[in-house]
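Here the structure is laid out as structure tokens; the discussion comes afterwards.
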Amino acid sequence: MRIPTLLLRQLMRLVLLLACVSSLTFVLMSNSPIDPVQAYIGADMLRVGEEQRAAIAEHWGLNEPPVQRFFTWLSAIVRGDFGTSIIYRQPVVEVIQEKFMSSISLLMIAWLLSGFIGFAAGVAAAMKRGTWLDRIIQWYCYALSSTPTFWAGVLLLLLFTVWLPIFPVGLGTPIGVRADEVSWLDRAYHMILPAITLSLVGVSHIALHTREKLIEVLSSEYITFARAKGLSGLQLVWRHGLRNILLPAITLQFASFSELFGGAVLIEQVFSYPGLGQATVEASTRGDVPLLMGIVLFSTCFVFVGNSIAEWTYRIIDPRIKEWYKHEA
Amino acid sequence: MHLLDIHQLSIAFESYDFRMRKRTMPVIRELSLSVQAGEILAIVGASGSGKSLLAHSILGLLPEHAAISGKLTFDGQPLTDRRMRQLRGNQIALIPQSVQYLNPLMRVGQQVEEAVRIGNPKLERQKVFERFRLPQAAAAMYPYQLSGGMARRVLVCIAAVSGAKLIIADEPTPGLDEQVAQDTLLVFQQMADQGTAILFITHDLTAAAQIADRVAVLHSGELMEIAPASSFTGEGTALVHPYTRALWQALPQNQFIHVKGWQS
């Protein structure tokens, strides 16, 4: 199959996925007990009269049937208009852009850290199978994969901000400093703890998976033969093991974009970190449908890209699949 | 002096049954044999007779739950686990029994080159490919791209480039067409003539009798008999053990006799 055909097929899948996800979100939001007007007004409820509230609802088009509202939104999307966020009173695209910019570094650092540490831990555990090192790594992984992310976040907060005050308690920038005076160092300093928390939890998946895979590979016949050829230890694993386990590990890591995003939602909430995760929570609890829909579309694309990359790495690393593509082309 | 001397080798696998009682399953019992430099010793037996385990035990490649007893001597010195690890790949080489033993994700040229112990790996690989009539282009291929016969020749190449004094060939000929199989046997003979000892593990008694100096017959982990290859002729009257004789006589080109009681 030719590569353009493949890309086109991938694109069609994405469109279909976006349609499903956005309509599902819309159904959920229009059935949610949250009254957007009330959420918008908040504490000023007493000072805003019935008439004014009706006027707001009218202005937002809340009185129209949900199906019509959905299609109004959809036709605007097709024209490239994502609407205006109710709570931020800014275009949705701008909000997402701004929030994502502060989230992306957090996400990428957590992703890279968990990938490298997890892979290394998995390899170490498999190579030292049955020893205390293996047991510690396994124990850590099982303990963490059964730990809720937000709870781990709270624990780390307690540990590193209260008992050992090394890191700031929350937020993305220091308090009392003007936005244009915040240095990248300040931002990095505020990002370390959330990023570590997020990667700590992400490590266990990749480590356990890599351990399993490497143990399987180490008991394979070609490893036996490589031993017979005189290879051993790290050299053996480096030459004959890594390539064979790297592919599934990379795939898993790219496919974990969804968990990464889900983790970010919780972690940003715990650390009051002003990123896309926190915006998601805000948008859904305060009934900001345009923003939530925008975030849903965006995060779907984000996860979809991760999965697509996972699929395409096979073509680069596994010669059997690479040659197959070449042959089919 | 013998190059390899195996004295009273026993291998058993330990396992636990459902009541967690330790059970020991013997697979090789008190086996003794020896190989000289330049000699081809064939080890013949049906599948399940413990031939491959014997090969792996000499290289120290048995799984951890294997209980091994007996004394192995290589080149006059005891062959300990430590020494096995040092010797494998340069003094003792293996020709494994299937192409599954090639790394599926590594080019075969690289797999041959990493086995070279003396000289320029690339040059040695080119020479050995020529010797075994493999196209040089095959070096850039992955195992799945090779035909069965080519992959087997690659396995033979890997043992040949190591310059080992002892080559353990574990069923190297099945799946090869007649011509290539004959070529392989010829190569073994050439290597033996140059002083390499070869442990030729096979279930093909004809091939064994053709190139080996002596033939050891293995049955259910026990050594039945070690006979000179010249005994495998005519009706096999020179063979001592009834199992060996039965095996020889059962061959199609001999009498094709079915002997009751030896089918395990």
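A note on names: the letters A, B, ... follow the listed sequences, proteins ahead of strands, and every chain is numbered from 1.
When atom types are taken as modelled, the side chain of A:R243 and the backbone of B:M106 share no donor-acceptor pair closer than 3.5 angstrom.
Using a 4.5 Å cut-off between heavy atoms, B:N103 touches chain A through backbone and side chain atoms alike.
In A:R129, the CZ atom is not crowded: 12 or fewer heavy atoms of neighbouring residues, nucleotides or ligands sit closer than 6.0 Å. At most 12 heavy atoms of other shown residues, nucleotides or ligands fall within 6.0 angstrom of atom CE in B:M25. Other residues, nucleotides and ligands contribute more than 12 heavy atoms inside 6.0 Å of the NE2 atom of A:H209.
Among the residues in residues 225-237 of chain A, those with a non-hydrogen atom closer than 4.5 angstrom to a non-hydrogen atom of chain B are A:F225, A:R227, A:A228, A:K229, A:G230, A:L231. Chain A is approached within less than 4.5 Å, heavy atom to heavy atom, by B:R88 from residues 79-88 of chain B, ordered by number.
Looking only at heavy-atom pairs under 4.5 Å with chain A, the residue among B:A159, B:G89, B:A164 that has the most is B:G89. Contact count versus chain A (heavy atoms, under 4.5 Å) is highest, among B:P63, B:P96, B:A93, for B:P96. Of the residues considered (B:I168, B:L102, B:L59), B:L102 shows the highest number of contacts with chain A, using heavy-atom pairs under 4.5 Å.
Rounding to the nearest 0.5 angstrom, the gap separating the CG atom in A:L242 from the CG atom in B:L105 is 12.0 Å.
Contact check for A:N244 versus B:P104: side-chain heavy atoms found under the 4.5 Å cut-off.
With sequence neighbours excluded, the residues forming a salt bridge (Lys or Arg N to Asp or Glu O under 4.0 Å) with B:K127 are B:E124, listed by chain and number.
Listed by first and then second residue, the side-chain hydrogen bond (donor to acceptor under 3.5 Å, both in side chains) pairs involving residues 116-126 of chain A amount to none (not counting sequence neighbours).
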Step-by-step side-chain hydrogen bond (donor to acceptor under 3.5 Å, both in side chains) determination, B:Q111 to A:H240: CA-CA 10 Å; B:Q111 301 196 45; A:H240 288 273; 5.2 Å; no

